[in-house]
There are 2 protein chains.
Amino acid sequence: MTAPTRRERLRTAAVSEIKDGARRLLVSGGPQAISLRAIARDMGMTAPAIYRYFPSLDALIVDLAGDLLDELREHLEAARDAAGAAPVAQLAATARAFRNWSVRHPVEFGLVFGSLLPGVDAFPDNCTNDDDPGARLGAVFVAPLLELWHRSPMPMPPPAQVDHRLAESLGPMRERHRELPVEVARLMLSGWTMLYGLVSMEVYHQLRWAVSDPEALFEAELAAFLRQLPAEPDTGPASATGT
Amino acid sequence: MTAPTRRERLRTAAVSEIKDGARRLLVSGGPQAISLRAIARDMGMTAPAIYRYFPSLDALIVDLAGDLLDELREHLEAARDAAGAAPVAQLAATARAFRNWSVRHPVEFGLVFGSLLPGVDAFPDNCTNDDDPGARLGAVFVAPLLELWHRSPMPMPPPAQVDHRLAESLGPMRERHRELPVEVARLMLSGWTMLYGLVSMEVYHQLRWAVSDPEALFEAELAAFLRQLPAEPDTGPASATGT
DNA sequence: TGTAATAGTAAACGGCGTTCACTCATTTGA
DNA sequence: TCAAATGAGTGAACGCCGTTTACTATTACA
């Protein structure tokens with residue numbers, strides 16, 4: 001069970017070579033440019049050979065999208081872990097990392113988050129599945145917010161102020177993260193919406209009519225969001241979110 | 001100059017028949033399903049004939065996207081005009097109309113706002129061109145906000161609180177709408193980002209992990225945004241935003 | 001009435017996803 | 001050890017696709 005057989009090694013190597021080729025095509029020519037024949041050509045193979053590894057082109061693209069999502073999540077987690085123990089600093093670092101990756105990988109961003117994937121309804125309707133792109137990324141943001149809440153739950157708006165209908169609607173999220181207060185859930189979703197919207201518009205060049213420096217807008221909105229959070233109690237002398 | 005010639009009538013009829021076919025294919029099978037051959041087949045023609053009307057498939061799709069954007073804008077303007085004269089009610093109606101159209105036309109939404117269009121960098125980089133999708137829609141929201149400001153400019157945060165770098169970055173937007181105060185610009189962008197992000201995620205099914213009733217979240221965020229605005233001074237007896 | 005522009009066709013080129021029948025090397029098990 | 005089974009890869013073919021080219025009617029106009 002431990003050592004992969006020779007066949008298995010070759011197989012995984014082929015799979016990743018296929019995905020590498022697909023990503024290269026994606027980056028250079030957009031999602032439309034991904035073609036089995038081109039991938040096979042780059043590998044010195046014929047197109048039907050790829051069907052030994054993926055049942056269809058769409059399946060390959062969905063698989064690639066999943067990999068990209070993992071890559072993004074690891075990027076975020078690395079930034080969070082490098083930001084120290086203060087939840088607010090972690091949140092800021094994660095948000096900045098999300099923007100950085102997206103701006104640097106616009107086509108990949110479009111594949112993961114943009115429109116409904118080529119194969120009609122791609123990312124499945126698993127309401128309660130961890131494979132959801134939003135869910136897996138959301139979790140990275142939920143953790144620091146939740147810790148912040150545990151440290152000083154005061155300054156959040158009281159539950160009564162959260163609309164009853166909204167509170168009921170937050171069910172799926174609070175099932176996933178047990179003991180997540182409604183106010184924290186609402187705050188998290190509000191911040192995530194802002195982040196997602198801002199980065200989407202920047203990546204798709206839909207902010208150029210309004211703003212010449214998208215990073216300035218991003219930093220302003222990020223600061224406005226962090227201002228809603230309680231100050232950290234025990235971080236020590238200078239809680240630099242700095243620069 | 002006034003009456004279009006017979007040829008012109010036939011031509012515009014053919015153009016709109018082509019676009020109708022393209023949209024039908026778009027709705028039923030996504031952007032990938034739009035093909036010149038299928039359109040021509042539906043029209044009882046051959047594919048090359050379409051080249052008399054559009055220089056390429058990509059050009060046709062870009063043109064269609066422009067039409068969809070106009071349709072959306074007219075939908076918003078109709079909702080705004082039906083909401084009475086109160087700017088806050090107009091804003092609320094416009095935002096709800098944006099969500100309604102998008103949810104009812106998810107594929108069209110994806111074509112207009114999603115990812116970078118099929119033909120690489122589709123919507124051109126006209127920083128100062130009115131054809132920008134964000135710009136044309138943004139204008140619908142700017143007007144009521146600006147009028148609200150003129151009625152009672154008090155409750156906005158003072159200009160000093162708006163970051164200097166952000167203020168400079170808002171140049172393009174403020175050139176387009178003359179005499180638009182920085183605070184109003186910032187508030188408008190903040191609301192538009194929220195609206196765009198929320199609707200995008202709902203349309204692309206990226207909220208299902210968190211929320212069972214997206215409309216509840218939408219209404220909550222909309223209410224939170226409107227709460228930032230000053231109360232209207234002179235609307236009369238009951239300024240019902242109601243139902 | 002004759003000429004120029006216009007709308008359309010048929011055929012062809014190259015590219016695409018996918019299927020099918022086939023070969024060949026590798027692994028497996030008696 | 002040797003035969004059977006499995007896996008990887010090929011080549012040909014089918015039916016799509018966008019686009020170009022040469023060609024034919026039809027319409028508009030002077």
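Protein chains get the first letters and strands the later ones, always in sequence-line order, with residue 1 at the start of each.
With sequence neighbours excluded, the residues that form a side-chain hydrogen bond (donor to acceptor under 3.5 Å, both in side chains) with A/Asp213 are B/Arg165. Judged as a side-chain hydrogen bond (donor to acceptor under 3.5 Å, both in side chains), and not counting sequence neighbours, the contacts of B/Glu71 are B/Arg23, B/Trp101. Residues forming a side-chain contact (heavy atoms from CB on, under 4.5 Å) with B/Ser16 (at least two apart in sequence, or on another chain): none. Applying the ring pair (Phe, Tyr, Trp, His ring centres under 6.0 Å) test to B/Phe141 and every residue at least two apart in sequence or in another chain returns B/Trp192. Remark: B/Ala14 engages B/Tyr53 in a side-chain contact (heavy atoms from CB on, under 4.5 Å) (not counting sequence neighbours). Looking at residues two or more places apart in sequence or on another chain, you find a side-chain hydrogen bond (donor to acceptor under 3.5 Å, both in side chains) between A/Asp67 and A/Lys19.
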Query raised in the report: Could you walk me through whether B/Arg186 and A/Glu221 pass the salt bridge (charged side-chain N to carboxylate O under 4.0 Å, His left out) check?
Result: CA-CA 9 Å; B/Arg186 197 208 163 285; A/Glu221 292 294 344; 3.8 Å; yes
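Applying the salt bridge (charged side-chain N to carboxylate O under 4.0 Å, His left out) test to pairs two or more places apart or on separate chains, those with a residue in residues 26-55 of chain A are A/Arg24-A/Asp42.
For the OP1/OP2 pair of D/dT19 and a distance below 4.0 Å, the side-chain nitrogens and oxygens of B/Tyr51 include at least one atom meeting the criterion.
Between the C1' atom of D/dG18 and the CG atom of B/Leu60 lies a distance of 12 Å, rounded to the nearest Å. For the pair B/Leu36 CG and D/dT19 P, the computed distance is 6 Å after rounding to whole Å. Atoms CD1 (B/Ile50) and P (D/dG18) sit 8 Å apart, rounded to a whole Å. Going from atom CG of B/Asp42 over to atom P of D/dC17 covers 10 Å, rounded to whole Å. Regarding B/Gln32, its CD atom lies at a distance of 18 Å from the P atom of D/dC16, rounded to whole Å.
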Query raised in the report: What string of B, S and - do you get for nucleotides 4-15 of chain D, 5' to 3', when a contact is any protein heavy atom under 4.0 Å?
Result: --BSBBBBBB--
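The footprint of chain B on DNA chain C, defined by a heavy-atom cutoff below 4.0 Å, extends from C/dA5 to C/dA12.
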